[in-house]
Amino acid sequence: MTSSSSPSRKALSKIACNRLQKELAEWQLNPPAGFKHKVSDNLQRWVIEVTGAAGTLYAGETYQLQVDFPEHYPMEAPQVIFLNPAPMHPHIYSNGHICLDILYDSWSPAMTVSSVCISILSMLSSSPAKQRPADNDRYVRNCRNGRSPKETRWWFHDDTV
């Protein structure tokens with residue numbers, strides 16, 4: 001998935017702007033280990049560099065997350081995807097879509113970009129094998145026209161990775 005594909009977005013609400021400015025300031029003072037925010041003037045889309053944790057299958061590997069914030073963040077979850085190339089993982093599709101409950105059904109306004117990043121790194125770190133989801137090809141084929149992962153009805157059934 002390229003950085004140009006994104007859901008149609010409305011401007012951020014004042015609440016969302018204030019919250020994101022606060023999160024960005026906190027990130028600059030105390031970034032989560034293994035992550036680097038790529039500075040831009042776009043508060044609504046963050047690109048974050050992820051480095052695999054030592055002692056894991058992804059140790060030293062670097063990937064990029066794209067985080068798109070909706071108008072009513074944090075009441076609504078951001079869209080988070082891996083930019084190409086996405087890591088090989090049982091819950092990460094080759095188009096960058098991530099099957100992780102906190103990005104969808106289990107989202108809470110108390111969560112932050114930092115907490116989401118830490119959850120994604122934890123998911124990567126716990127993987128026993130580098131492989132795509134069993135339904136990767138079918139899913140990616142169905143997403144060809146720029147479908148957002150937020151339009152997917154995810155089935156969260158595997159807590160092992």
Side-chain angles (χ1 to χ4, degrees), residues 1-53 56 58 61-87 89 91-127 133 139-140 142-156 159 161:
M1 177 167 274
T2 64
S3 60
S4 63
S5 63
S6 65
S8 57
R9 297 183 297 182
K10 294 183 178 178
L12 294 171
S13 68
K14 185 174 183 186
I15 291 170
C17 280
N18 290 342
R19 168 70 179 262
L20 285 170
Q21 287 169 342
K22 181 179 175 186
E23 285 192 46
L24 185 56
E26 173 62 30
W27 182 293
Q28 290 167 337
L29 289 173
N30 188 23
F35 296 92
K36 187 186 305 178
H37 174 254
K38 295 182 125 189
V39 179
S40 84
D41 59 356
N42 186 350
L43 191 59
Q44 200 163 2
R45 172 175 283 171
W46 294 14
V47 175
I48 298 170
E49 191 174 278
V50 184
T51 302
T56 71
Y58 304 92
E61 295 179 13
T62 302
Y63 300 97
Q64 289 185 43
L65 287 171
Q66 178 176 289
V67 184
D68 288 305
F69 298 96
E71 175 186 14
H72 297 294
Y73 179 81
M75 300 312 291
E76 184 184 337
Q79 175 181 286
V80 183
I81 61 168
F82 276 99
L83 296 177
N84 213 3
H89 185 279
H91 295 288
I92 302 171
Y93 291 84
S94 59
N95 63 357
H97 292 193
I98 305 166
C99 181
L100 181 62
D101 62 347
I102 65 166
L103 299 177
Y104 312 101
D105 300 347
S106 297
W107 173 256
S108 162
M111 293 179 187
T112 63
V113 178
S114 291
S115 66
V116 167
C117 287
I118 291 165
S119 293
I120 290 171
L121 186 58
S122 175
M123 182 184 79
L124 279 175
S125 298
S126 66
S127 182
Y139 176 79
V140 171
N142 289 334
C143 291
R144 281 227 173 105
N145 295 322
R147 185 169 115 195
S148 163
K150 293 177 97 178
E151 296 173 44
T152 298
R153 287 188 71 108
W154 296 100
W155 180 35
F156 305 109
D159 290 335
V161 289

Supply the atom-to-atom distance [X] [atom1] to [Y] [atom2], rounded to the nearest 0.5 angstrom.
{"X": "Arg45", "Y": "Gln79", "atom1": "CZ", "atom2": "CD", "answer": "8.0 Å"}
{"X": "Tyr73", "Y": "Leu20", "atom1": "OH", "atom2": "CG", "answer": "5.5 Å"}
{"X": "Glu61", "Y": "Thr51", "atom1": "CD", "atom2": "OG1", "answer": "10.0 Å"}
{"X": "Gln44", "Y": "Asp68", "atom1": "CD", "atom2": "CG", "answer": "7.5 Å"}
{"X": "Tyr63", "Y": "Ile92", "atom1": "OH", "atom2": "CD1", "answer": "8.5 Å"}
{"X": "Ser94", "Y": "Tyr139", "atom1": "OG", "atom2": "OH", "answer": "10.0 Å"}

For the residue pair [X] and [Y], what are the closest heavy atoms and their distance?
{"X": "Ala33", "Y": "Leu121", "value": "O-CD2, 3.9 Å"}
{"X": "Leu103", "Y": "Ala77", "value": "O-CB, 3.6 Å"}
{"X": "Val116", "Y": "Val80", "value": "CG1-CG2, 4.2 Å"}
{"X": "Pro70", "Y": "Leu12", "value": "O-CD2, 3.2 Å"}
{"X": "Gln28", "Y": "Pro31", "value": "O-CD, 4.2 Å"}

So, do [X] and [Y] sit near enough that their side-chain heavy atoms are less than 4.5 Å apart?
{"X": "Leu100", "Y": "His91", "result": "no"}
{"X": "His89", "Y": "Ile98", "result": "no"}
{"X": "Trp27", "Y": "Thr112", "result": "no"}
{"X": "Ile120", "Y": "Phe82", "result": "yes"}
{"X": "Tyr58", "Y": "Ser127", "result": "yes"}

Quiz item: Would the number of heavy atoms belonging to other residues, nucleotides or ligands and lying under 6.0 Å from CD1 of Ile15 be above 12?
Solution: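 No.
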Exercise. Begin with the C-alpha distance, continue with both residues' side-chain angles, and end with the deciding distance and a verdict on side chain to side chain contact (heavy atoms under 4.5 Å, CB included) for Phe69 and Val113.
Key: CA-CA 10 Å; Phe69 298 96; Val113 178; 3.4 Å; yes
Quiz item: Given Val47, which of Asn42, Leu65, Leu83 fulfils the side-chain contact (heavy atoms from CB on, under 4.5 Å) condition?
Solution: Leu83
Quiz item: So, are Glu23 and Arg19 salt-bridged, with charged N and O less than 4.0 Å apart?
Solution: yes
If we ignore hydrogens and angles and just use 3.5 Å, is the side chain of [X] paired with the main-chain N or O of [Y] as donor and acceptor?
{"X": "Trp107", "Y": "Pro78", "value": "no"}
{"X": "Ser122", "Y": "Ile118", "value": "no"}
{"X": "Ser13", "Y": "Glu71", "value": "yes"}

